[in-house]
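Report on one structure; see the data block that follows.
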Amino acid sequence: MASEEAPLLSNNKQNPKRTPLPTVQLGILLLLRLCEPMMSHSIYPYINQLISELDITGGDKRKVGYYAGLIESLFFATQATTVFKWSSASDHVGRKPILLFGLIGGAMSMLLFGLSRTFWLLVLSRCLCGLLNGNVGVIRSVLGELTDTTNRAEGFALLPVVWAVGETIGPLIGGSLSRPHERFPDTFSGRFWRQYPYFLPCLAIASIILVVFVVAVFFLKETVPRRRSAQEAADNIVSQPVSEPVPLRKLLVYPILLSISNYIALAFFEINLLALIPLFMAMPTSIGGMESPPARIGYALGSYGTFVCIYQTLFFAKIVRRFGERRVFITSMSMIPLVFLLFPVMSMVSKNHGPTWIVWVLLATMLLLMSIMDMGFGCISIYITTAAPSKRSLGATNGLSQTAVSVSRAVGPAMATSLFSLSVERNLLGGYLVYAILFSLSCLALPLAMRLPHQVWEEKD
């Protein structure tokens, strides 16, 4: 039996036969993965309108971005403080208990968000959602344990697909079910629904999470080997002992740090875009927005998620196998500057002519480029997983990566939306300073992507 301290994946060039993916366990794992994007993205279609209704800005819609960005960032900011602990703990107590606790925490915090009618209650609920949910790092660890070098591309291709499904379902639920007393007056005409107009989408998300929790309780299997007692070890001395997780200082090595740095860059720009697009669509045409209602924003984001889901399911593994993880990742990062260039063009057209068909075509083009960008997540996940020093360190490695990425995702929305409001409020660079800054930063990220090796870490000669 090979030592677990050896590279996690071995070069399997002499045995090209692919190991079948464990369908049932993989399916349950993907259901768990579905929950986070639904929680984080379901508020995007209505958060700007909610902030306006709370009268925090004094009626000045140019200032909405400051507060909306803060709310959107809080989930990732608080997640960053605990996700490494949750992932590291899963190396010791097992993956399943941590995953189940994260689901319960997410469901409860969503219900609290829907019942919040003050700014500080919104802040509290998003903080709790991030603090109690460290599942993303644990899920990557389980996937690394369920796959090997022959089927890892197919396995990790499904993570961005499921994220895209969550990006589809979340905004659709958030946009379609918000303010139900107006949209469905025959069913939701009571005082409760008028007092809490955004509780229904939160209830729907929480219900889905609780269903996933029940499925995981009964059917998800533990992938971390059980620690043997001293007597068991004595009775089976010929068996190889399970390696212990390595300490944090041993994870701070070049392969892991380079992979995580690229993950940070990709996640930072993606979350910036996901915060800017609904804000841009919600703002009045007088300041270059599209003045779209929450439902329309939800449909736009949902359509994007649907396309990403179909595209990555059909083509990601084939593209990666044909061109390699590095080339696909660099291509993904190259799409980001182009996306930021489209924003001022859309804004100028909308400001002068309103949200005409030209603006919608440009928006569709932007979402198409973002779907190519999203392929980078599957690629960089493979780099991070294969950089782990041992299987028992997968949790800590993915926890470290998710901690860093959560910080970047916390900074992203608050920075992007605040820059948006600052740019239009003070007419900086014609109101387009935010796009100039993000375009420049995205160009600086390309050299970092080019430092990735041509083969993932174990496959290097």
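Below, all heavy atoms of this structure are taken into account, side chains as well, without hydrogens, waters or symmetry copies.
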For a quick test of reading the model, state the closest non-hydrogen atom pair linking [X] to [Y] and the distance between them.
X: F329; Y: G376; result: CD1-O, 3.4 Å
X: L34; Y: G166; result: CD1-N, 3.5 Å
X: P197; Y: P180; result: O-CD, 3.3 Å
X: L279; Y: F420; result: CD2-CD2, 3.5 Å
X: L338; Y: S334; result: CG-O, 3.9 Å
X: A300; Y: L367; result: O-CD1, 3.9 Å

Report yes if the distance between the aromatic ring centroids of Y435 and F340 is under 6.0 Å, otherwise no. no

Using the rule given for side chain to side chain contact (heavy atoms under 4.5 Å, CB included), can you reason through F316 versus C379, listing the C-alpha separation, both sets of side-chain angles and the distance that settles it, and then say yes or no? CA-CA 9 Å; F316 176 82; C379 296; 4.0 Å; yes

Mind checking the [atom1]-[atom2] spacing from [X] to [Y]? Nearest 0.5 Å is all I need.
X: F269; Y: L276; atom1: CZ; atom2: CG; answer: 12.0 Å
X: I104; Y: L132; atom1: CD1; atom2: CG; answer: 10.5 Å
X: S42; Y: I173; atom1: OG; atom2: CD1; answer: 7.5 Å
X: M335; Y: I330; atom1: CE; atom2: CD1; answer: 12.0 Å
X: I209; Y: L31; atom1: CD1; atom2: CG; answer: 12.0 Å
X: R95; Y: L29; atom1: CZ; atom2: CG; answer: 11.0 Å

Student check: side-chain heavy atoms of [X] and [Y] closer than 4.5 Å:
X: N262; Y: R451; value: no
X: Y383; Y: R326; value: yes
X: P97; Y: L100; value: no
X: M38; Y: V165; value: no
X: N135; Y: R33; value: no
X: L342; Y: L369; value: yes
X: Y299; Y: S176; value: yes
X: L111; Y: F199; value: yes

Under the side chain to side chain contact (heavy atoms under 4.5 Å, CB included) criterion, do L448 and M333 qualify, and how do the steps go? CA-CA 10 Å; L448 182 65; M333 294 297 292; over 6 Å; no

Counting only N and O atoms by type, is there a donor-acceptor contact under 3.5 Å from the side chain of [X] to the main-chain atoms of [Y]?
X: S109; Y: G106; result: yes
X: S332; Y: I372; result: yes
X: K96; Y: K221; result: no
X: E325; Y: P453; result: no
X: T81; Y: A77; result: no
X: S292; Y: A282; result: no
X: S125; Y: L122; result: yes
X: W86; Y: L99; result: no

Anything under 30° is parallel, anything over 60° is perpendicular, the rest tilted; go ahead and classify Y311 against F307.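 Y311 vs F307 ring planes: parallel.
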
Give the C-alpha distance, both sets of side-chain angles, the deciding distance and a yes or no for side chain to side chain contact (heavy atoms under 4.5 Å, CB included) between L273 and F343. CA-CA 10 Å; L273 290 168; F343 271 111; 3.6 Å; yes

Intermediate values then yes/no, side chain to side chain contact (heavy atoms under 4.5 Å, CB included), F268 and R409: CA-CA 5 Å; F268 172 78; R409 282 176 167 161; over 6 Å; no

Between F113 and R126, is there a cation-pi geometry (under 6.0 Å to ring centre, at most 45° from the normal)? yes

Can you confirm whether R117 is buried at CZ, in the sense that more than 12 heavy atoms of other residues, nucleotides or ligands lie under 6.0 Å from that atom? yes

